[in-house]
Visitor: 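Here it is, the structure in full.
By convention in this document, chain letters (A, B, ...) are assigned in the order of the sequence lines, proteins followed by strands, and residues within each chain are numbered from 1.
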Number of protein chains: 2
Amino acid sequence: MIKLEALRVFVTVAESGNIKDAADAVGRTASAVSMTLKQLEEEIGGPLFQTDRKNSLTALGNLMLDLGREQIRSFDKSVSIMRAFAHSRIGSLSIASVPSVATNVLPPILQRFLETRPQVQVELFDIDTAQVRRMVESGVADIGIAGESRTGGGVEFTPLFSDRFKLLCKDDHDLCRLDRPVEWSDLKAATLIRNGASDRIEAEDYKQISARSLITVYNVTSLVAMVKTGLGLTILPSLTMYGAYEGVAALDLGDTTASRQVGLVERRDVPPSPVAAAFRAFALKEIPVLVSEQLGG
Amino acid sequence: MIKLEALRVFVTVAESGNIKDAADAVGRTASAVSMTLKQLEEEIGGPLFQTDRKNSLTALGNLMLDLGREQIRSFDKSVSIMRAFAHSRIGSLSIASVPSVATNVLPPILQRFLETRPQVQVELFDIDTAQVRRMVESGVADIGIAGESRTGGGVEFTPLFSDRFKLLCKDDHDLCRLDRPVEWSDLKAATLIRNGASDRIEAEDYKQISARSLITVYNVTSLVAMVKTGLGLTILPSLTMYGAYEGVAALDLGDTTASRQVGLVERRDVPPSPVAAAFRAFALKEIPVLVSEQLGG
DNA sequence: CACCAACTTCAATTCTTCTGAAATTGATAA
DNA sequence: TTATCAATTTCAGAAGAATTGAAGTTGGTG
C-alpha cells in the first residue's frame, strides 16, 4: 500500500533534485530514501525520474509531484484543524446565561478566554434560569450559567458562587436611613414588587410579604424604573444590581440565608466539545474570583 | 506523526460502531485496532469516542470522521489516478503522421489501441515528414510517423515498414496495357507531375525524368485530380493510393529500389509518457502486420 | 580513461505494529 | 446491589517494515 510518507519523500527529492539533500531534509540516509523511491515506483507501476540522477522527472513523476504535493498539503491542513479543535483553539461555543451574569461577569471572562482563542465562535443568550436549563438540555447551548434548580433530567449543576439578595428602594426612602441591615419585619408596611429571582427566597417571613404583592416584573430595567418612580421596593440578587442605578439604593438584608446559588448547567452524559470543556474549566476557576472582587470588595 | 492508515482504522471503527467488527473489516485483531485508536487520540490530543464502547463519537470524533473520510477518499483517488496514468489508461497522446498513414493505417490501429484505454485523449496531426520531425523535436507531438530522414538533432527513427512507389496514371493510358512492370525508360516521353514524396527516389533515371517536370503538387487529392484529367503521370508510395481512385490506375514499377521507409519518429533523451510508450509498442507490433495485409495481400 | 560523486544494493539492526492471552471495564440481568 | 458476559484494553513477545552503514554500481567530467 502506498503511504503518504513515501509521497513526502518523493516530493522532497523532486524538489531537491538529488537524493543526498533530500535525505538530509527528511532526516534519513540516502539509502533509505533510495529504497523508499524504488518501492514507490514499484507500487505505482512506472519510473518517476528520467535517470538515476534525480534531477528530472518523467511525465508520471510530474503528475505524482502535483498530486502528491496537494495530498500532503491537504492532509497536513486537516491534521492541524483536528489538533486546533482538540486544543479548543477553534470551534464554537454557545453559552446560555442569566442576565445578571451575562451583563456583569461574562464580558471580561469571555475577553480573557478568547484572547488565546481568536478563532473560537461564541454565541451568548441571556435568558432566565428555566430557559437556560432548557437550552442546555436540548443541546442548543453547550453550557449554561443559572441559578440552582433541582438537578435532574439531562442536566447537572455545578456551583460557581452564591449571591445574597438585597433590597432595592428609592434612595430617599426611609429605610435608607436605617443604620443596620434591613429585616423582613421592616418591610411589613412596604409595597413589594415581585420579580423572577426573588420568588426563590425560602424564608417564611418573606413569603408572607411577597404574597401581598400585587405587581410582578421580570425585566430588570423595568423593575428598577418602577422602584425609582416610587411604586414600591423589590428584592434582587446583588449581582443583578451591580454597578448601581441612579436614584435607587441597594440595602443589605439581615437574613443571611437569602441568597441564590449561581452555577454552571451542563448536559449530563454528553461530553463537552473541547472548547466547551476549556470554557468550563476557565469559568470554574475565574468566575468565583471575579465575582468575589465585584461583590465582596 | 499521524498516519493516514490510523485515520482509515478510526473511520472504520466509527462506521462499525464497535472495535470487533472494525477489526474484522480491516483484517486486524481488536487489540491492534484498540492500540491504533489510543495512539491516534494521543497524537490528536483528545478523546474521539464518548465511552470505550465505540458507538458514539465526541465532537472531536465527528470532526475527525468528516475530515478523515475526505482525506482517505482524496488520497485513494490520487493514487488511482497515478496508477491509471502509469498504466497508460489515462493521459494524452499527440501523434503527428504523414497523411498516407494517418488515412490508411491509423484509424484501425487507434481504434484497437483505445479500446482498452477509453480515457486516453488523442490528437492526430497529418502533416509532411519534415513537419512531423519538427513537431516531435519541439515536443508538440509525443510520437511521429513519417518517412526516414537523416537521424540527428533531437529525434530518432525506428522503421515500421517500407512502401514501394507506384506509377499513377489515367486508367485508359497506354501504359496500362503493358503486361509488365513499368520501367523508367517507359516514361521518357511522359509528362510527370512531381510531388513531395516522389522527390525522395534516388534512381538517376528517375531524377532525369523528374527534372523535366514542370508541375509539382503536394496535395494528394489535387494530384490525383490532375492525373485523372490527363495532365500527366505521377509516382506515389503504394499506401498513399491505397483504396484506389476512380478513373486512375496504379502500376507497379520495375525499379524495386524505389521505395520509402516509414517509421516512428521519437524524441531522443526524453522518456515517453506511459501512454506514448504504450502506443509506441502497440504501433511497432501492429502497424507492420496491418500494412503488409493491405499492400502485400 | 580514470576519477568522483551520486546512487543502489545488501545484510544487520532498530523501530513499529501486530498478535494472543490475561485483565479490566461497563452494561445487563438476577 | 451483585453476578455475568461481551467488549475493550493491556501486556509481552513475535512479526514485519524501515533504516543504517558499508560495499558495490553507475554515469558524468576533466
Visitor: Mind calculating the distance between NZ (B:K54) and C1' (C:dG26) to the nearest angstrom?
Guide: 12 Å
Visitor: Which part of the nucleic acid, if any, lies within reach of A:Q39 when heavy atoms closer than 4.0 Å are counted: base, sugar-phosphate only, or nothing?
Guide: sugar-phosphate
Visitor: Reading DNA chain C from 5' onward, which residue's closest nucleotide shows up sooner: A:D52 or B:S31?
Guide: A:D52
Visitor: Name the nucleic acid region contacted by B:R28, choosing base, sugar-phosphate or nothing; use a 4.0 angstrom heavy-atom cut-off, strictly under.
Guide: sugar-phosphate
Visitor: Can you tell me the distance, in whole Å, between the CZ atom of A:F49 and the P atom of D:dG27?
Guide: 16 Å
Visitor: Could B:E15 and B:R69 be called an ion pair, given the rule that one side-chain N must be under 4.0 Å from one carboxylate O?
Guide: yes
Visitor: Using the salt bridge (charged side-chain N to carboxylate O under 4.0 Å, His left out) rule, take A:R8 and A:D76 through it: C-alpha gap first, then chi angles, then the decisive distance, then the call.
Guide: CA-CA 11 Å; A:R8 250 182 239 278; A:D76 290 349; 2.9 Å; yes
Visitor: May I ask you to evaluate whether B:K3 reaches the phosphate of C:dT17, defined as a side-chain N or O under 4.0 Å from OP1 or OP2?
Guide: yes
Visitor: Map B:K20 and A:T29 onto DNA chain D by nearest heavy atom, then report which one ends up closer to the 5' terminus.
Guide: B:K20
Visitor: If you check every side-chain atom of A:R53, which of D:dT9, D:dG27, D:dT20 has the closest atom?
Guide: D:dG27
Visitor: Report the distance from atom CG of A:L4 to atom C1' of D:dA18, rounded to the nearest whole Å.
Guide: 16 Å
Visitor: What is the distance, rounded to the nearest whole Å, between atom CE of B:M35 and atom P of D:dA7?
Guide: 20 Å
Visitor: Take B:R112 and B:E115 through the test salt bridge (charged side-chain N to carboxylate O under 4.0 Å, His left out) and record every step on the way to the result.
Guide: CA-CA 5 Å; B:R112 280 158 59 206; B:E115 241 161 35; over 6 Å; no
Visitor: May I have the distance from A:I19 (atom CD1) to D:dT26 (atom C1'), rounded to whole angstrom?
Guide: 13 Å
Visitor: With the side chain of A:S34 defined as its heavy atoms from C-beta on, choose the nearest nucleotide among D:dT10, C:dA11, C:dT8.
Guide: C:dT8
Visitor: Take the protein atom CD of B:E5 and the nucleotide atom C1' of D:dG16, then report the distance between them rounded to whole Å.
Guide: 15 Å
Visitor: Identify, between B:V33 and A:K38, the residue whose nearest nucleotide on DNA chain C lies closer to the 5' end.
Guide: A:K38
Visitor: Rounded to whole angstrom units, what separation is found between the CG atom of A:N55 and the C1' atom of D:dT29?
Guide: 15 Å
Visitor: Find the distance A:M1:CE to C:dT17:P and express it as a whole number of Å.
Guide: 16 Å
Visitor: For the pair B:E41 (side chain) and B:L48 (backbone), establish whether a donor and an acceptor sit closer than 3.5 Å, ignoring hydrogens and angles.
Guide: yes
Visitor: Return yes if a side-chain donor-acceptor contact under 3.5 Å exists between B:R260 and B:S100, otherwise no.
Guide: yes
